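Start at 1 and go down the list; that is how both ligands and their atoms are numbered. Just so we're clear, the structure is a prediction, and the values are computed from it rather than from any experiment.
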Amino acid sequence: MKKNCLVRSLFLLLLLGSSLFGMAQSAIVIHADQPGAKIDKAIYGHFAEHLGHCIYGGIYVGENSDIPNIKGFRSDVVGALKDLSVPLIRWPGGCFADTYHWKDGIGPKSERPSIINVHWGGVTENNSFGTHEFLDFCELIGADAYVNLNVGSGTVREAAEWVEYVTSSNESPMTALRKKNGREKPWNVKYWAVGNETWGCGGNMRPEYYADIFRQYSTFLRAPGMYKIASGANTEDYKWTEVMMREAAWMMNGISIHYYTVPFSWQKKGSATDFDEAVWFNTMQKTLKMDTLVTKHSAIMDQYDPKKKVGLLVDEWGCWYDVEPGTNPGFLYQQSTMRDALVAGINLNIFNNHADRVRMSNIAQMINVLQSVILTKDKEMVLTPTYYVFKLYKVHQDATLLPLEIKCRQYTLGSQALDAVSGSASIKDGVVSITLCNLDPNKSQQISFDLRGFKLSKVSGKVVTSEKINSYNDFGKKEMVTLSELKNVKISNGQVEAQLPSKSVVLIQLQ
Ligand code: AHR
């Protein structure tokens with residue numbers, strides 16, 4: 001009894017001591033002896049919409065541009081995305097998808113009609129980036145394609161013909177048209193969505209009505225190995241998931257949800273770069289809501305699909321702030337700071353930990369829109385803090401999830417508190433990878449790891465961190481947030497110990 005008291009007192013003293021020095025103690029148990037689901041690489045997917053400068057200026061500049069390019073695709077962007085091992089890109093929207101008529105974007109560019117991008121700034125869309133350009137771009141960077149069909153203003157025939165044009169190897173008017181446009185062989189496109197946000201910009205439908213529409217479209221969409229995706233709920237619209245699963249689960253492979261991290265409200269989103277710790281805290285709190293959403297939507301799905309055949313796909317997520325001053329409000333252009341790196345790390349940990357049901361996620365959006373991994377300005381390119389988090393986390397793609405128990409300190413601000421550490425772990429090719437986020441912007445975390453069922457011989461670590469909570473990378477300036485080696489990680493008495501800097505995202509690998 002006395003001995004126990006002494007041990008406890010010593011531990012408390014240690015905690016007090018480390019806390020006084022701005023360091024907190026955490027313990028993590030990793031169950032390498034209880035491997036879980038496969039983490040689908042599609043969880044590391046991206047979203048690219050015809051919105052602002054995501055496509056034009058971001059991905060595509062045209063072959064005649066003086067910006068170095070490969071068949072019109074920016075060479076710098078191609079290189080950066082290849083380094084990220086981007087597994088999947090969703091296109092052409094978003095809200096744009098339900099205004100997009102795919103035949104406008106094929107054939108000679110000079111003959112393609114221009115349209116108005118009604119959702120995003122009312123600008124002219126000249127359709128020079130269409131089906132061939134998108135699918136060629138995916139092939140170039142080695143990503144799978146995910147095409148979002150037009151339900152809101154399209155027809156079943158238009159959708160079915162698009163699928164046939166892209167995927168069929170038979171003879172038909174659509175495949176003849178494809179060949180005439182220069183593509184002999186079909187593309188291998190697995191993922192197809194039937195509309196986007198059909199509860200809103202995709203048609204303002206009720207779930208009962210859309211369930212029937214989804215069943216109708218699905219009946220006529222045919223391609224080998226096709227993965228059919230139903231337009232899913234907005235945030236906590238659990239009724240939507242309930243109705244869709246009840247009425248149409250048997251015809252779908254996946255259903256989406258969309259959730260954006262908005263620090264305050266849609267009316268008051270706040271600046272991307274000018275914020276204080278209260279806003280930081282609030283952003284962390286808002287983004288952690290993703291875990292509740294995924295858990296609750298999954299629980300509804302479990303009732304109709306206990307074998308988890310249908311995937312829950314978070315095909316839009318990320319931070320949404322006020323646009324950068326002086327930019328077109330319809331272009332949703334925002335900077336990205338260390339705060340966004342934490343948001344990315346936390347969400348990717350959540351998706352990994354729900355890999356039994358979450359089979360895809362698509363950060364919104366890949367370039368120059370909302371929480372981007374890349375920003376471009378004319379010839380210049382910036383890699384954002386979010387880019388470096390995706391680079392750290394790519395080790396989880398198609399790895400096997402390992403259960404993780406985290407006992408950590410709280411990150412407190414005033415009377416509010418959050419768990420300071422978020423994490424997930426996986427194993428691939430005999431290497432255990434643990435990704436951790438320290439949400440606390442003031443205190444580092446001293447972590448001890450208890451690795452069960454794994455023979456440890458080597459440890460290494462990498463970190464994304466910065467000096468300030470709102471540090472960011474800007475054009476023509478030295479990078480303020482980047483990836484570096486994690487120094488304070490070691491094996492001591494057969495146990496791994498590491499120190500996570502304050503406001504950091506870390507990868508620790510064990511062999
Ligand atoms: O990502 C921006 C927009 O957000 C998408 O077009 C839409 O689906 C969502 O509301």
Considering non-hydrogen atoms of the protein only, which is the closest contact for atom 1 (O) of ligand 1, and what is the distance? Tyr260 OH, 2.8 Å
For atom 7 (C) of ligand 1, state which one of Gln371, Glu49, Glu316 supplies the nearest heavy atom. Glu316
Minimum heavy-atom separation for Arg222 to Val163, with atom names? O-CG1, 3.5 Å
N-O pairing of Lys478 and Glu467 below 4.0 Å: no
Counting only nitrogen or oxygen atoms and a 3.5 angstrom limit, does Cys95 reach ligand 1? yes
Please name the pair of heavy atoms, one in Val310 and one in Asp305, separated by the smallest distance, quoted to 0.1 Å. N-OD2, 2.8 Å
Per-residue contact class, Trp120 against ligand 1 - non-hydrogen pairs under 4.0 Å: side chain
Which heavy atom of the protein is the closest neighbour of atom 10 (O) of ligand 1, given with residue, atom name and distance? Glu197 OE1, 2.8 Å
Under 4.0 Å, heavy atoms only, figure out whether ligand 1 is touched by the backbone of Val369, its side chain, both or neither. neither
Would Arg357 and Asp302 satisfy salt bridge (Lys or Arg N to Asp or Glu O under 4.0 Å), going step by step from the backbone distance to the final call? CA-CA 9 Å; Arg357 182 64 87 176; Asp302 285 348; 2.7 Å; yes
Between Asn196 and ligand 1, does any nitrogen or oxygen pair lie at a separation below 3.5 Å? yes
With backbone taken as N, CA, C and O and side chain as the heavy atoms from C-beta onward, which portion of Phe96 lies under 4.0 Å from ligand 1: side chain, backbone, both, or neither? neither
Show the nearest heavy-atom pair for residues Glu324 and Ala272, with the distance to one decimal. OE2-CB, 3.6 Å
Give the atom numbers and elements of ligand 1 that come within less than 4.0 Å of a heavy atom of Gln365. 1 (O), 2 (C)
I'd like to know if Asp40 pairs up with Arg359 as an ion pair, taking the criterion as any Lys NZ or Arg NE/NH1/NH2 lying under 4.0 Å from an Asp or Glu carboxylate oxygen. no
Are Arg112 and Glu125 ion-paired here, with the side-chain N under 4.0 Å from a carboxylate O? no
For ligand 1, which atoms, with element, lie under 4.0 Å from some heavy atom of Phe47? 1 (O)
